[in-house]
Amino acid sequence: MYTMMQVCRTLDMTYQTLKFYCNEGLVPNVKRDSNNRRIFDERDVKWIKDLTCLKKCGMSIQEMKEYLELCMQGESTIVLRKEMLRKKQESLKVTIQELEDSVAYIDWKQNFYDEVLSGKRPYVSNLIRVGE
């Protein structure tokens, strides 16, 4: 069994985040020790790690609750869960492409500045109007 702090250290998570997840009902069947403090078993820790991954994938708390609800219904909801994850995956792929485009722009702009600084190309700006 793990205390809240042990789970937080293990998963590199803040105490406040774990407490929030518990209070929001995202960690089902939380057990308590004799002092009424939350304690977690291996299965809980694995689920909390899954929650962390879902959050990093961009799932909102509401989406995480919906996913949890489907998980709690068992095998009959696997198709629905797969569809939720597929949609999130597609959204992430769009975001990745947007980020790659942004990196490519910065690479291009850095190269442009390098060429200007080395004298290989004249400086031209769309913001500075010359001769008007």
Side-chain angles (χ1 to χ4, degrees):
M1 299 304 265
Y2 300 90
T3 65
M4 295 252 314
M5 289 306 296
Q6 288 170 324
V7 172
C8 290
R9 278 192 295 273
T10 300
L11 300 180
D12 194 26
M13 165 185 277
T14 67
Y15 184 89
Q16 291 79 7
T17 299
L18 181 54
K19 185 176 179 182
F20 177 78
Y21 284 172
C22 290
N23 289 343
E24 286 293 314
L26 287 168
V27 185
N29 309 314
V30 174
K31 293 156 279 309
R32 302 234 177 209
D33 66 12
S34 59
N35 294 315
N36 203 33
R37 292 179 296 222
R38 291 179 179 102
I39 53 174
F40 306 88
D41 60 23
E42 289 292 332
R43 295 174 82 184
D44 297 326
V45 174
K46 287 178 182 174
W47 171 247
I48 295 164
K49 186 176 182 180
D50 287 349
L51 285 175
T52 301
C53 290
L54 294 174
K55 186 66 178 167
K56 287 179 181 177
C57 288
M59 270 198 187
S60 67
I61 296 299
Q62 185 57 42
E63 288 172 318
M64 292 163 68
K65 286 180 178 181
E66 291 168 15
Y67 186 78
L68 169 62
E69 186 178 313
L70 291 172
C71 289
M72 297 295 288
Q73 293 176 39
E75 191 175 337
S76 65
T77 63
I78 287 176
V79 171
L80 294 172
R81 286 182 267 163
K82 281 183 56 90
E83 181 61 17
M84 273 187 85
L85 294 174
R86 186 197 62 74
K87 287 178 182 177
K88 189 53 65 180
Q89 184 180 49
E90 285 303 311
S91 173
L92 286 169
K93 286 179 179 179
V94 168
T95 300
I96 288 168
Q97 185 59 56
E98 290 170 350
L99 290 170
E100 288 176 348
D101 292 346
S102 296
V103 168
Y105 169 79
I106 290 172
D107 288 345
W108 173 82
K109 201 66 169 177
Q110 291 283 36
N111 186 55
F112 170 79
Y113 290 145
D114 288 342
E115 289 179 358
V116 168
L117 291 172
S118 69
K120 291 181 181 175
R121 141 190 316 235
Y123 178 71
V124 178
S125 171
N126 295 322
L127 301 173
I128 301 171
R129 306 218 187 282
V130 180
E132 287 185 19

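Side-chain atoms are counted along with the backbone in the values below, which use heavy atoms only and exclude waters and symmetry mates.
- Taking NZ of Lys88 as the reference point, atom SG of Cys57 lies at 8.0 Å (rounded to 0.5 Å).
- In the hydrophobic clustering of ILVMFWY residues, with side-chain heavy atoms under 4.5 Å counting as a link, Leu92 and Met64 come out apart.
- The salt bridge (Lys or Arg N to Asp or Glu O under 4.0 Å) pairs that include a residue from residues 116-126 are Glu115-Arg121, where partners are two or more places apart or lie in different chains.
- Glu66 pairs by the salt bridge (charged side-chain N to carboxylate O under 4.0 Å, His left out) definition with nothing, not counting sequence neighbours.
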_Using side chain to side chain contact (heavy atoms under 4.5 Å, CB included), reason through Asp41 and Tyr2 one step at a time and then give a plain yes or no._
CA-CA 6 Å; Asp41 60 23; Tyr2 300 90; 5.9 Å; no
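- Among pairs with a residue in residues 45-57, none fulfils salt bridge (Lys or Arg N to Asp or Glu O under 4.0 Å), at least two apart in sequence or across chains.
- In this structure Gln73 satisfies the side chain to side chain donor-acceptor pair (under 3.5 Å) test with no other residue, sequence neighbours excluded.
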*Step by step, would you call Arg86 with Glu83 a salt bridge (Lys or Arg N to Asp or Glu O under 4.0 Å)?*
CA-CA 5 Å; Arg86 186 197 62 74; Glu83 181 61 17; 2.7 Å; yes
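- One distance of note links CG of Leu51 with CD1 of Ile61; it measures 8.0 Å at 0.5 Å rounding.
- When the salt bridge (charged side-chain N to carboxylate O under 4.0 Å, His left out) test is applied to Lys65, the partners found at least two apart in sequence or on another chain are Glu24.
- Evaluation of the salt bridge (charged side-chain N to carboxylate O under 4.0 Å, His left out) rule for Arg43 yields no partner, not counting sequence neighbours.
- Sorted by first and then second residue, the side chain to side chain donor-acceptor pair (under 3.5 Å) pairs involving residues 7-19 (not counting sequence neighbours) are Thr14-Thr17.
- Taking Ile, Leu, Val, Met, Phe, Trp and Tyr as hydrophobic and joining them when side-chain heavy atoms fall under 4.5 Å apart, one finds Ile39 in a cluster with Met1.
- Legend: residues meeting side chain to side chain donor-acceptor pair (under 3.5 Å) with Thr3, ordered by chain and number and at least two apart, are Gln6.
- The line from OG1 of Thr95 to NZ of Lys93 is 12.5 Å long, rounded to the nearest 0.5 Å.
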*Checking side chain to side chain contact (heavy atoms under 4.5 Å, CB included) for the pair Val94/Glu98: CA distance, chi angles, key distance, verdict?*
CA-CA 6 Å; Val94 168; Glu98 290 170 350; 3.7 Å; yes
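- In the hydrophobic clustering of ILVMFWY residues, with side-chain heavy atoms under 4.5 Å counting as a link, Val45 and Met72 come out together.
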Contacts table for residues 25-33: side-chain donor-acceptor under 3.5 angstrom, sequence neighbours left out:
residue, atom, partner, partner atom, Å
Lys31, NZ, Asn29, O, 3.3
Lys31, NZ, Asp44, OD2, 2.9
Arg32, NH1, Asn36, O, 2.8
Asp33, OD1, Asn35, N, 2.8
Asp33, OD1, Asn36, N, 3.1
Asp33, OD1, Arg37, N, 2.8
Asp33, OD2, Arg37, NE, 3.2
Asp33, OD2, Arg37, NH2, 3.4

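- Taking the six-membered ring where the residue is Trp, Phe112 and Tyr123 present tilted rings, their angle falling between 30° and 60°.
- Ile78 and Leu80 are members of different hydrophobic clusters when ILVMFWY side chains are connected at heavy-atom separations under 4.5 Å.
- In this structure a side-chain-to-backbone donor-acceptor pair under 3.5 Å is missing from Glu90 to Lys87.
- Although no hydrogens or angles enter the test, the distance criterion places a donor-acceptor pair under 3.5 Å between the side chain of Ser118 and the main chain of Asp114.
- The salt bridge (charged side-chain N to carboxylate O under 4.0 Å, His left out) test applied to Arg81 returns no partner, not counting sequence neighbours.
- Rounded to the nearest 0.5 Å, atoms CE (Met13) and CD1 (Ile48) are 6.5 Å apart.
- Looking at every heavy atom in both residues, Cys22 comes nearest to Arg38 through CB-NE, 3.4 Å.
- More than 12 non-hydrogen atoms from other residues, nucleotides or ligands lie less than 6.0 angstrom from NZ of Lys109.
- Other cluster members for Trp108: Tyr105, Ile106, joined by side-chain heavy-atom distances under 4.5 Å among Ile, Leu, Val, Met, Phe, Trp and Tyr.
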